[in-house]
Protein chains: 2
Amino acid sequence: MEYQRSESKRAFKDQLYEQLARIGKALASPHRLELLDLLAQSERSVEELARETTLPVATVSQHLQILHAARLVDVRRRGRHRRYRLASGEVARLWLALRRTGEAHLAELEQLVTTWLPERRHWPALSIDAALELLNTGRALLLDVRPRDEYASAHLPQARSLPVAELATHLSELPRDCEIIAYCRGPYCVFADEAVALLRAHGFRAWRLEVGVPEWQERGLPLIEERSDFSWQV
Amino acid sequence: MEYQRSESKRAFKDQLYEQLARIGKALASPHRLELLDLLAQSERSVEELARETTLPVATVSQHLQILHAARLVDVRRRGRHRRYRLASGEVARLWLALRRTGEAHLAELEQLVTTWLPERRHWPALSIDAALELLNTGRALLLDVRPRDEYASAHLPQARSLPVAELATHLSELPRDCEIIAYCRGPYCVFADEAVALLRAHGFRAWRLEVGVPEWQERGLPLIEERSDFSWQV
DNA sequence: TTGATATTCAATAGAATAATTGAATGATTG
DNA sequence: CAATCATTCAATTATTCTATTGAATATCAA
């Protein structure tokens, strides 16, 4: 009877970990992680995801279905597109936890950054707290240098949208009497690096914020979010 | 040149996500998740893990090496055993984030609990806050009903060790004039359920704490931890 | 040294996963 | 209703992952 009981405990555990492994398996492909990373910025159509990842549309579709089967993403129709998004903030937290675990333990990650983004040595990135200090005392302007639709989906409270691609043509509108803080998708996105490089080349006092929208939200700080009720209409 | 630049960006991203996928792949097996779950309680030898998971030792060893290659676990020799443990609290947070994502989105998980642990309907589990309230006002006794070595590795500040297997023979030592709160490995562990059932059958006022040590620690609350400097000696 | 013990290694077969291609579906627009 | 477009499906192949077995290695104790 004690034996029977532990037999059935085993069956319970087997089923429990098998269910949780559905999520683990969904995280087991670099392409799917890239998709999650993009979706953490804003919802997107299959086509948009294919363009950004340089993968065939059919491949992206299949990966999205795997993510959907693990309930990590949601789909909705809009027009003739299907728009995928993270199932919840819980999924964003999972992705951030995975990334942080990598940062903590995979030396190769650090190596990648020093190899590919060597200019980061020059100027330190601002932490959330440092940025808030500057912003709350009016000593800095905050720029969201991501594409406009990501800004529309969700952005930091005091941010102005100025995609890095348009930055060069709008330099004259920027102030020279305060700091300029640029943020993008997060620590592995280069938009803010490029923005800071360009701004500094033109004599501005520019800094990169080390985080993006998902990390900001995870900290419990407020965001300006698109009314998704509206965005799903049409 | 713009083309070249985006080509090299792609190479960077490919390498980035490939590195992070090392961690995702490590999470892609139910057995490895069970190993992480056990290691979140306390370090263990290969043999102990094999016994608890009812897997062949060689299989456990191989899974541990996969976890080690992804830097999720550490090994050290002690005597003629090798003791594995989580690489850091970051890994515990990752595991908890994965589990929570499952709880949020996998209906099958909830179904499993109602099927296998139907007695949970009878009495609600205590939240951390509810338990702290009772404990700080001296109205409850806290029991750690896990095996003794897990208690030794780390336990909640006010807890007394009384493994569920020994509970029946120590009933006379327990107070009848206050609440008794039992905790175990966490929400999917049955030790506390069994303890509460036994205690209630004998007229005690017993409750299950809904969390275990990893969740307690994640909340930033203090633990009593074994001096690992000592434990590695010998 | 020898023997016992804990763990890892190596080889294998079977299962699951991934990418690719082209065709099919299904909704929207004209 | 036909044409268009976004997405999915189906079938294939190549690859990777998993579990199992028995042998090998390394450490400790006698």
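Throughout, protein chains are lettered first and strands after them, A, B, ... in sequence-line order, and every chain is numbered starting at 1.
Atoms CD and OG, on Glu226(B) and Ser42(B) in that order, are 8.5 Å from each other to the nearest 0.5 Å.
Atom-to-atom, CZ of Arg76(B) to C1' of dT7(C) comes out at 19 Å; the value is rounded to the nearest Å. When rounded to the nearest whole Å, the span between CD of Glu47(B) and P of dA4(C) equals 17 Å. The CD atom of Glu18(A) sits 14 Å away from the C1' atom of dT18(D) (whole-angstrom rounding). The distance from atom CG of Leu49(B) to atom C1' of dA6(C) is 13 Å, rounded to the nearest whole Å. Whole-Å rounding puts the Glu48(A) CD to dT7(D) C1' distance at 14 Å. The distance from atom CZ of Arg22(B) to atom C1' of dT16(D) is 17 Å, rounded to the nearest whole Å. Rounded to whole Å, atom C1' of dT7(C) lies 15 Å from atom CG of Leu55(B). Taking atom CZ on Arg77(B) and atom C1' on dT5(C), their separation rounds to 14 Å, with Å as the unit.
For His63(A) and dA19(C), the shortest distance from a side-chain N or O to OP1 or OP2 is below 4.0 Å. Taking side-chain N and O atoms only, Tyr84(B) has no distance below 4.0 Å to OP1 or OP2 of dA6(C). At the phosphate of dC9(C), OP1 or OP2 sits under 4.0 Å from a side-chain N or O atom of Gln65(B). Listed pair Ser61(A) / dT8(D) meets the phosphate criterion, a side-chain N or O lying under 4.0 Å from OP1 or OP2. For Arg80(B) and dA26(D), the shortest distance from a side-chain N or O to OP1 or OP2 is not below 4.0 Å.
At a cut-off of 3.5 angstrom, counting only N and O atoms as typed in the model, there is no donor on one side facing an acceptor on the other between the side-chain of Gln62(B) and the base of dT7(C).
Taking the side chain as every heavy atom from C-beta outward, Pro187(A) and Glu215(A) approach each other to under 4.5 Å.
Glu119(B) has no carboxylate O lying under 4.0 Å from a charged side-chain N of Arg208(B), or vice versa, which leaves the two without a salt bridge. Using a 4.0 Å cut-off between a side-chain N of Lys or Arg and a carboxylate O of Asp or Glu, Arg44(B) and Glu150(B) qualify as a salt bridge.
Set against dT8(D), dT8(C), dT20(D), the side chain of Pro56(B) has dT20(D) as its closest nucleotide.
The stretch residues 25-38 of chain B touches DNA chain D through Lys25(B), Ser29(B), His31(B), Arg32(B), each having a heavy atom under 4.0 angstrom from the strand.
Across Gln19(A) and Leu106(B), no two heavy atoms sit closer than the pair O-CD1, 3.5 Å. Summarising the geometry of Cys184(A) relative to Val145(A), their closest heavy-atom pair is CB-CG2, 4.0 Å, with the distance given to 0.1 Å.
A salt bridge (Lys or Arg N to Asp or Glu O under 4.0 Å) with Glu218(B) holds for exactly one of Arg100(B), Arg99(B), Arg93(B); it is Arg100(B).
Along DNA chain C, the nucleotide nearest to Ile66(A) and the one nearest to Ala58(B) differ in position, and the one closer to the 5' end is contacted by Ala58(B).
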